[in-house]
Amino acid sequence: QGARFFNTKINNKNKIFAWIDKYSKIFRITWQCWQVYKKTHPAIIICFGGYLTVPISLIAKLHKKSVIIYEQNAIAGNANKFLLSFADIAYSGFPNAFKNHPKVKTLANPVRQELYNIPAPKQRYNLQQQTLKILVLGGSQGARFFNTKLPYYLKELQKKIELKIEIWHQSGIQDRQEDIYKIYDKSNLKNKVSNFINNMSEAYSWADLVICRAGAMTVSEIIVTGIAAVFIPYPYAKQDHQTANAKILTNIGGAILIQQQDIKEKIIPELEKIFHKDKLLSMANIKHQTQTDNSLILLNKTLKKLLIKK
């Protein structure tokens with residue numbers, strides 16, 4: 001059951017009116033959170049970050065309810081930092097998100113159950129196959145940069161390598177699929193373009209390499225499934241947390257990191273270095289070895305313990 005909150009964007013350029021607008025919206029949000037709390041009477045609050053988690057968590061603490069914070073990114077957001085002192089339990093999806101705070105335990109980000117059932121990399125990667133399968137993920141909203149730039153770079157790459165490239169490109173709804181098809185078809189690249197991919201386990205099982213942003217859940221899914229990856233972080237992410245997420249894997253050789261502003265100069269040379277099936281398998285194995293236990297199971301055990309105490 002969800003609850004819809006109003007848009008909190010501050011549009012007024014006048015500093016005085018912007019200040020009034022800001023704090024009136026904070027009051028309205030707090031009131032809405034109180035209404036949601038009265039309606040649902042939660043025993044436990046789990047916070048995954050964002051401004052809305054602050055008032056609802058403080059309301060819960062006033063009523064002596066348990067609060068769990070779960071930071072998904074490699075750099076903790078402001079809401080979770082603020083709530084850390086109030087939380088009964090604190091988890092981070094990646095190590096050191098809270099700079100080794102003694103209260104925080106590292107627990108891998110929870111991902112969909114079926115991803116744990118994907119065969120290990122050595123079972124998936126066919127070293128004799130002469131086709132290299134690339135999965136391009138722009139995120140649920142797509143990525144205009146990926147849709148307009150990557151097809152041309154992959155076209156140029158195909159001219160430089162012997163392996164045949166096959167593309168599965170998730171485009172989102174921002175751009176017309178037909179336009180992306182045309183670019184690939186003119187390059188004679190076998191391709192499939194999807195607005196959305198409903199069965200991600202099928203997509204990950206199919207791919208030899210993923211080119212994607214570095215959101216916390218994307219990085220976590222790639223760790224669990226064990227696939228070679230090229231991360232192109234979203235350049236406007238708060239605190240540049242996507243770069244920090246990507247470095248979880250690039251620092252141990254499991255992925256390549258290319259900043260968006262460097263893409264023109266770096267993407268083809270960097271891809272040429274790894275476009276060998278044995279190299280991709282080596283990268284995939286590094287990721288697969290870093291995966292931990294199913295965090296959904298561990299989180300469920302924690303919730304049961306808290307409920308028993310109540």
Side-chain angles (χ1 to χ4, degrees), residues 1-12 18-111 139-141 213-220 233-248 295-296 298-299 302-303 306:
Q1 181 182 358
R4 183 177 296 277
F5 290 81
F6 65 92
N7 189 344
T8 59
K9 186 176 181 180
I10 308 297
N11 296 314
N12 203 313
W19 185 89
I20 294 171
D21 192 19
K22 175 182 177 180
Y23 285 96
S24 67
K25 286 182 176 178
I26 289 174
F27 176 80
R28 288 178 62 193
I29 290 168
T30 304
W31 177 253
Q32 281 188 287
C33 287
W34 169 242
Q35 295 302 312
V36 170
Y37 182 87
K38 284 201 304 181
K39 183 179 179 181
T40 59
H41 296 288
I44 301 171
I45 302 289
I46 307 177
C47 306
F48 287 90
Y51 65 91
L52 283 174
T53 62
V54 174
I56 194 71
S57 297
L58 296 180
I59 290 168
K61 291 304 292 182
L62 287 172
H63 288 81
K64 298 182 179 181
K65 304 296 183 180
S66 298
V67 172
I68 299 173
I69 61 171
Y70 206 130
E71 176 56 55
Q72 300 168 80
N73 290 295
I75 298 177
N78 290 331
N80 276 340
K81 284 180 182 177
F82 174 79
L83 290 172
L84 181 57
S85 59
F86 299 96
D88 296 280
I89 298 173
Y91 292 123
S92 64
F94 299 122
N96 302 324
F98 291 90
K99 298 182 179 179
N100 294 315
H101 193 287
K103 190 175 188 177
V104 181
K105 298 177 182 179
T106 300
L107 181 63
N109 285 319
V111 301
S140 60
Q141 300 301 313
R213 294 299 194 190
M217 298 314 298
T218 299
V219 174
S220 298
Y234 181 60
Y236 309 109
K238 290 182 179 179
Q239 304 179 80
D240 195 23
H241 67 259
Q242 288 207 4
T243 294
N245 294 343
K247 286 181 178 179
I248 296 294
S295 55
L296 286 174
L298 298 175
L299 182 58
T302 299
L303 295 176
L306 287 174

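Just so you know, these numbers come straight off a predicted model, no measurement behind them.
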task: Quick one: pull up CD1 in Ile46 and CG in Leu303 and give me the separation to the nearest 0.5 Å.
output: 4.5 Å
- prompt: What heavy-atom pair brings Tyr70 and Pro110 nearest, and what distance separates the two atoms?
  reply: OH-CD, 3.4 Å
message: Determine whether a donor-acceptor pair (N or O, by modelled atom type, separation under 3.5 Å) exists between the side chain of His41 and the backbone of Lys38.
response: yes
Name the atoms and distances for all side-chain donor-acceptor pairs under 3.5 Å in residues 85-95, with sequence neighbours left out.
unit_1 : atom_1 : unit_2 : atom_2 : d
Asp88  : OD1    : Lys61  : NZ     : 3.4
Asp88  : OD2    : Lys61  : NZ     : 3.2
Asp88  : OD2    : Val67  : N      : 2.7
Tyr91  : OH     : Thr302 : OG1    : 2.8
Ser92  : OG     : Phe94  : O      : 3.0

- prompt: Which atom names give the shortest non-hydrogen contact between Cys47 and Asn80, and what distance separates them?
  reply: O-OD1, 3.9 Å
- prompt: Going through the distances and angles, do Ile56 and Tyr37 end up as a side-chain contact (heavy atoms from CB on, under 4.5 Å)?
  reply: CA-CA 7 Å; Ile56 194 71; Tyr37 182 87; 4.0 Å; yes
side-chain contact (heavy atoms from CB on, under 4.5 Å) assessment of Phe82 paired with Leu58: CA-CA 11 Å; Phe82 174 79; Leu58 296 180; 4.2 Å; yes
For the student: nearest non-hydrogen atoms of Leu298 and Leu107, plus distance: CD1-CD1, 3.4 Å
message: With a 3.5 Å distance limit and no angle check, can you tell me whether Glu71 reaches the backbone of Gly49 through a side-chain donor-acceptor pair?
response: no
Donor-acceptor pairs are to be reported for all side-chain atoms of residues 238-246 against protein atoms at under 3.5 Å, with residues two or more places apart or in another chain.
unit_1 : atom_1 : unit_2 : atom_2 : d
Gln239 : NE2    : Ala76  : O      : 3.3
Asp240 : OD1    : Thr243 : OG1    : 2.9
Asp240 : OD2    : Thr243 : OG1    : 3.1
His241 : ND1    : Lys238 : O      : 2.8
Gln242 : OE1    : Ala214 : N      : 3.0
Gln242 : OE1    : Tyr234 : N      : 2.8
Thr243 : OG1    : Gln259 : NE2    : 3.1
Asn245 : OD1    : Ala74  : N      : 2.7
Asn245 : ND2    : Asn73  : OD1    : 2.8
Asn245 : ND2    : Ala214 : O      : 3.0
Asn245 : ND2    : His241 : O      : 3.4

field: Which atom of Arg213 lies closest to which atom of Thr218, heavy atoms considered
entry: O-CG2, 3.9 Å
query: How long is the span from the CD1 atom in Ile75 to the NZ atom in Lys81, to the nearest 0.5 Å?
result: 8.0 Å
- prompt: Can you check whether Lys103's main-chain N or O pairs, donor with acceptor, with His101's side chain at less than 3.5 Å?
  reply: yes
query: Rounded to the nearest 0.5 Å, what separation is found between the CD1 atom of Ile45 and the CD1 atom of Ile59?
result: 9.0 Å
query: What distance separates Leu83 CG from Ile69 CD1, expressed to the nearest 0.5 Å?
result: 6.5 Å
Crowding at CH2, Trp31 (>12 non-hydrogen neighbours, <6.0 Å): no
- request: Decide side-chain contact (heavy atoms from CB on, under 4.5 Å) for Val54 and Ile29; before the verdict, give the C-alpha distance in whole Å, the side-chain angles of both, and the deciding distance to 0.1 Å.
  value: CA-CA 10 Å; Val54 174; Ile29 290 168; over 6 Å; no
